[in-house]
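Inspection log for the structure reproduced underneath, given as structure tokens.
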Amino acid sequence: MAEYDNTNSGALYSMRDHYEVVRQGKINIDGTDQRVIAVKRNNKAGEPIVELYRSIGTIKRNENKTQDKHPDSRGMIESLSQDSVKSIAAWKKVSKAGNEFISVAISEIQRPDQDKAPAEDDPLDDDIPF
């Protein structure tokens, strides 16, 4: 018996867990601006974390639907590849106008032999998630 091939398919369901969008913005990754939202939730251990979600496309109602077999919605989606994983660091900041925001920096992941002890005033030694 052949295995089910789910390549280029999937499903979207109603929310089962509590997710809260806490930030939105753009992050430049390898020279390309990416639209991102930060979503606060609890991990399996019940600890609060913030997940980053990158926009991969848009979908809207299919105004040209004339038959039941036509899709209800259509859109465009970016082809994604898993060719690299990067490290992200975040700092809480306040703009000159007094607005709170999160500054982020993307970098290559350091090999273990490149690790160094964090400084006393390491900006990552903070109460993130946000």
Side-chain angles (χ1 to χ4, degrees):
M1 185 164 80
E3 283 190 41
Y4 175 72
D5 181 6
N6 65 352
T7 304
N8 293 330
S9 65
L12 302 174
Y13 300 97
S14 296
M15 299 293 289
R16 289 180 274 179
D17 299 319
H18 178 74
Y19 287 73
E20 177 186 359
V21 176
V22 293
R23 301 283 178 176
Q24 67 177 12
K26 288 184 182 177
I27 298 176
N28 186 289
I29 303 172
D30 292 332
T32 302
D33 284 342
Q34 303 288 332
R35 291 175 54 117
V36 176
I37 60 170
V39 176
K40 187 174 182 179
R41 69 172 184 87
N42 289 338
N43 65 13
K44 289 181 181 180
E47 303 164 328
I49 63 169
V50 174
E51 282 185 326
L52 300 178
Y53 290 85
R54 179 174 70 170
S55 173
I56 62 168
T58 59
I59 189 169
K60 65 179 184 175
R61 180 177 297 138
N62 181 6
E63 300 293 341
N64 299 319
K65 179 175 178 152
T66 58
Q67 299 177 20
D68 284 342
K69 67 179 182 178
H70 290 165
D72 295 312
S73 301
R74 295 193 62 84
M76 301 295 285
I77 193 164
E78 202 180 310
S79 178
L80 303 174
S81 66
Q82 296 275 345
D83 58 349
S84 71
V85 176
K86 306 238 184 255
S87 175
I88 185 168
W91 297 265
K92 293 179 182 179
K93 294 193 175 186
V94 178
S95 72
K96 291 178 183 176
N99 298 317
E100 293 182 5
F101 69 100
I102 305 296
S103 175
V104 299
I106 307 292
S107 61
E108 296 295 326
I109 295 175
Q110 290 184 335
R111 294 188 319 262
D113 61 340
Q114 293 175 320
D115 287 344
K116 58 182 179 182
E120 280 289 321
D121 59 346
D122 187 341
L124 291 180
D125 188 16
D126 205 340
D127 286 335
I128 295 178
F130 312 97

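The residues of the chain are indexed from 1 along the displayed sequence.
- Across every non-hydrogen atom of Glu78 and Ser55, the tightest pair is OE1-O, 4.2 Å.
- Listed by chain and number, the residues in a salt bridge (Lys or Arg N to Asp or Glu O under 4.0 Å) with Arg74 amount to none (sequence neighbours excluded).
- Heavy-atom neighbours of Arg41 CZ from other residues, nucleotides or ligands within 6.0 Å: above the threshold of 12.
- Within 6.0 Å of CD in Glu100 there are 12 or fewer heavy atoms belonging to other residues, nucleotides or ligands.
- Considering all non-hydrogen atoms of both residues, Ala105 and Trp91 come closest at CB-CZ3, 3.7 Å.
- Here CD of Gln24 is found 7.5 Å from CZ of Arg35. Values are rounded to the nearest 0.5 Å.
- Take Ile77 and apply the side-chain contact (heavy atoms from CB on, under 4.5 Å) test, not counting sequence neighbours, and it matches Ile56.
- Every residue two or more places apart in sequence or in another chain that forms a side chain to side chain donor-acceptor pair (under 3.5 Å) with Lys65 is listed here: Asp72.
- Under the side chain to side chain donor-acceptor pair (under 3.5 Å) criterion, Glu47 pairs with Asn43, sequence neighbours left out.
- Closest approach of Pro71 and Asn62 over heavy atoms only: O-ND2, 2.9 Å.
- Considering only residues two or more places apart in sequence or on other chains, Asp33 meets the side chain to side chain donor-acceptor pair (under 3.5 Å) condition with Asn28.
- Under the 4.5 Å side-chain heavy-atom criterion for ILVMFWY residues, a single connected hydrophobic cluster contains both Val21 and Tyr53.
- Considering only residues two or more places apart in sequence or on other chains, Ile59 meets the side-chain contact (heavy atoms from CB on, under 4.5 Å) condition with Ser73.
- Side-chain contact between Ile102 and Lys92 is present, with at least one heavy-atom pair separated by less than 4.5 Å.
- Contacts of Gln67 classified as side-chain contact (heavy atoms from CB on, under 4.5 Å), with partners at least two apart in sequence or in another chain: Lys69, His70.
- Remark: Gln34 pairs with Ile29, Thr32, Val36, Arg54 by the side-chain contact (heavy atoms from CB on, under 4.5 Å) rule, at least two apart or across chains.
- Judged as a side chain to side chain donor-acceptor pair (under 3.5 Å), and not counting sequence neighbours, Tyr19 has no contacts.
- In summary, of the residues considered (Ile37, Val104, Ile88, Val39), a side chain to side chain contact (heavy atoms under 4.5 Å, CB included) with Leu52 occurs for Ile88 alone.
- The neighbour count for Glu51 CD, taken as heavy atoms of other residues, nucleotides or ligands under 6.0 Å away, is above 12.
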